[in-house]
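To find a chain, count down the sequence lines: A is the first, B the second, and so on, and within it residues start at 1.
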Number of protein chains: 2
Amino acid sequence: MIYPKYFLNLLNFVRRHGYLPSFREMLLLTGLKSTNAIAKHFQNWVEAGLLEKDRAGKYVVSSAVTGLPMLGTVEAGWPSPAEEELADTMNLDEFLIHNKEATYMLTVSGDSMIDAGVRPGDLVLVERGREPKDGDIIIAEIDSGWTMKFFHKRGGRVSLEPANKKYQTIYPKDELKVAAVVMAVIRKYHA
Amino acid sequence: MIYPKYFLNLLNFVRRHGYLPSFREMLLLTGLKSTNAIAKHFQNWVEAGLLEKDRAGKYVVSSAVTGLPMLGTVEAGWPSPAEEELADTMNLDEFLIHNKEATYMLTVSGDSMIDAGVRPGDLVLVERGREPKDGDIIIAEIDSGWTMKFFHKRGGRVSLEPANKKYQTIYPKDELKVAAVVMAVIRKYHA
DNA sequence: TTTACAGGTGAACAGATGTTCACTATAATC
DNA sequence: GATTATAGTGAACATCTGTTCACCTGTAAA
């Protein structure tokens with residue numbers, strides 16, 4: 001995406017400081033000399049969808065700008081520049097986390113879920129206090145300790161199934177203690 | 001983590017608006033009546049590490065507050081409340097993205113990398129313009145189209161290896177067109 | 001009982017904030 | 001050549017900002 005003149009200065013400031021520059025700060029960033037020039041640019045950027053005004057009348061950067069471009073599929077090849085500009089953008093935190101207060105991150109150890117594509121060293125985003133449904137991956141407390149397994153509930157009967165033939169399906173004797181439901185898996189390749 | 005009184009009001013505001021409330025806005029949020037009361041709280045929160053003052057002297061929420069709690073491993077069990085308070089916190093965007101301008105997100109179709117735990121429907125974070133190293137997963141353009149493969153470079157000889165026995169290793173005839181290097185894989189279970 | 005202190009009020013202040021108005025220079029269009 | 005946008009200047013404005021000072025009040029320690 002090609003941004004209008006001076007807008008990148010604003011973005012750099014936001015990334016460094018975490019808030020929008022004031023009009024006078026924008027003067028320093030752009031080399032301009034009148035706050036009125038900044039005001040006009042800001043109005044244009046609002047019309048262009050790069051900025052927004054919230055209910056209090058304060059400027060805010062649109063999430064369309066801060067997010068990542070969301071493209072097509074791998075097999076389809078790399079999109080053309082025109083397609084890139086149309087691409088959706090997204091913010092990873094907003095995208096992956098629904099209930100922030102209840103969301104935690106854990107490191108996976110062990111290979112009990114490897115056939116489901118969850119490998120040792122992966123990170124999992126889990127949500128506590130969520131009711132697991134049939135087929136969910138959960139973090140459960142069983143007699144011997146803690147484990148990640150598929151949760152199955154068919155006709156009132158609950159089972160914990162690993163995604164690895166080395167391990168056996170567990171049928172909890174009494175009640176099952178569900179610590180959290182796995183919402184997402186993240187694997188990072190380059191430190 | 002247990003926050004001091006009134007601090008949650010501030011956090012809620014930040015999450016809704018994307019910026020810190022002013023002292024007068026804090027009065028509305030807390031029910032207090034003097035900005036001086038807010039000023040004292042802010043100073044305490046800076047000492048507690050919940051807020052910071054940047055070089056310009058403006059208040060900013062510490063990243064320790066906005067991030068996710070980062071806990072131990074699955075096998076070790078759920079941490080005690082005491083451990084939770086000590087836990088590191090992290091921000092997913094900062095954690096996963098190094099070069100924002102060059103980072104894109106793609107949906108994976110096809111099963112050529114399934115033995116590496118990358119499944120159809122997964123999302124991959126890729127970085128363009130990065131030099132691939134031996135063992136990296138890359139998005140490459142080959143004669144027949146686009147594909148995701150392991151990049152191998154041993155003794156000057158380059159090969160593209162799938163992580164699926166159904167497919168064969170590719171030895172590019174002429175130069176290899178690397179579109180991007182895969183930096184992370186993300187799988188989301190609950191829409 | 002006295003002292004210290006955390007937590008709050010109320011008012012005043014200098015500086016910063018976005019907005020607005022009148023005006024200028026440059027370039028493109030008719 | 002005259003006209004019309006576009007992009008910018010410069011100054012003034014009311015309002016909002018965080019800070020500061022003097023003061024009040026209940027609670028807990030000395």
Closest-nucleotide ordering on DNA chain D, the 5'-leading residue of B:K53 and A:H41: A:H41
Has the side chain of B:K33 got a donor or acceptor atom sitting under 3.5 Å from an opposite partner on the base of C:dG10? no
Would you mind telling me which of D:dT19, D:dT17, C:dG8 lies closest to the side-chain atoms of A:K58? D:dT17
Distance check needed: C:dA6 C1' versus B:E47 CD, whole Å only. 13 Å
Could one point to a donor on the side chain of A:S34 or the base of D:dG8 with an acceptor on the other under 3.5 Å away? no
No-H, no-angle donor-acceptor pair, A:T35 side chain to C:dT19 base, under 3.5 Å: yes
Please report the distance, rounded to the nearest Å, between NZ in A:K5 and P in D:dA7. 9 Å
Output the single nucleotide from D:dT9, D:dT19, C:dG18 whose closest atom is nearest the side chain of A:N36. D:dT9
To the nearest angstrom, how far is A:I38 atom CD1 from D:dA11 atom P? 17 Å
Can you tell me the distance, in whole Å, between the CD atom of A:Q43 and the C1' atom of C:dG18? 10 Å
Taking ring pair (Phe, Tyr, Trp, His ring centres under 6.0 Å) as the definition, give me every residue that meets it alongside A:H17, ordered by chain and number, with sequence neighbours left out. A:F13, A:Y19
Kindly give the heavy-atom pair with the smallest separation between B:E25 and B:L20, and that separation in Å. OE1-O, 4.4 Å
Without decimals, in angstroms, what is the distance between B:L27 CG and D:dT17 C1'? 12 Å
Rounded to whole Å, CG of A:L28 lies from C1' of C:dA16 at a distance of 13 Å
For the pair B:L92 and A:M105, evaluate side-chain contact (heavy atoms from CB on, under 4.5 Å) and give the outcome as yes or no after the intermediate values. CA-CA 10 Å; B:L92 285 181; A:M105 205 158 172; 4.1 Å; yes
Please name the pair of heavy atoms, one in A:H190 and one in B:H98, separated by the smallest distance, quoted to 0.1 Å. O-CE1, 3.7 Å
Once hydrogens and angles are ignored, does a donor-acceptor distance under 3.5 Å link the base of D:dG18 to the side chain of B:R24? yes
Rounded to whole Å, please give me the gap between CZ in B:F23 and C1' in C:dG10. 16 Å
Step by step, work out the side-chain contact (heavy atoms from CB on, under 4.5 Å) result for A:L51 and A:F42. CA-CA 7 Å; A:L51 294 180; A:F42 270 46; 3.8 Å; yes
Extract from the structure each pairing of a protein N or O with an N or O of nucleotides 24-28 of chain C at less than 3.5 Å, listing the distance.
none

Does B:Y19 place a side-chain N or O at less than 4.0 Å from the phosphate oxygens OP1/OP2 of D:dT17? no
Checking C:dT17, C:dT9, D:dG18 against the side chain of B:A37 (C-beta onward), the nearest is C:dT9
Got A:I186 and A:D122 here, is their nearest side-chain heavy-atom distance under 4.5 Å? no
Contact class for B:F42 vs. all strands (heavy atom < 4.0 Å): base, sugar-phosphate, or nothing? nothing
Can you name the closest pair of heavy atoms from A:V181 and A:D136 and give their distance? CG1-OD2, 3.8 Å
Can you check side-chain contact (heavy atoms from CB on, under 4.5 Å) on B:K166 and B:D111, steps first, answer last? CA-CA 9 Å; B:K166 290 199 303 190; B:D111 58 355; 3.0 Å; yes
Interatomic distance where CG belongs to A:L32 and P belongs to D:dT9 [whole Å]: 5 Å
Below 4.0 angstrom from OP1 or OP2 of D:dT19, is there any side-chain N or O of B:Y59? yes
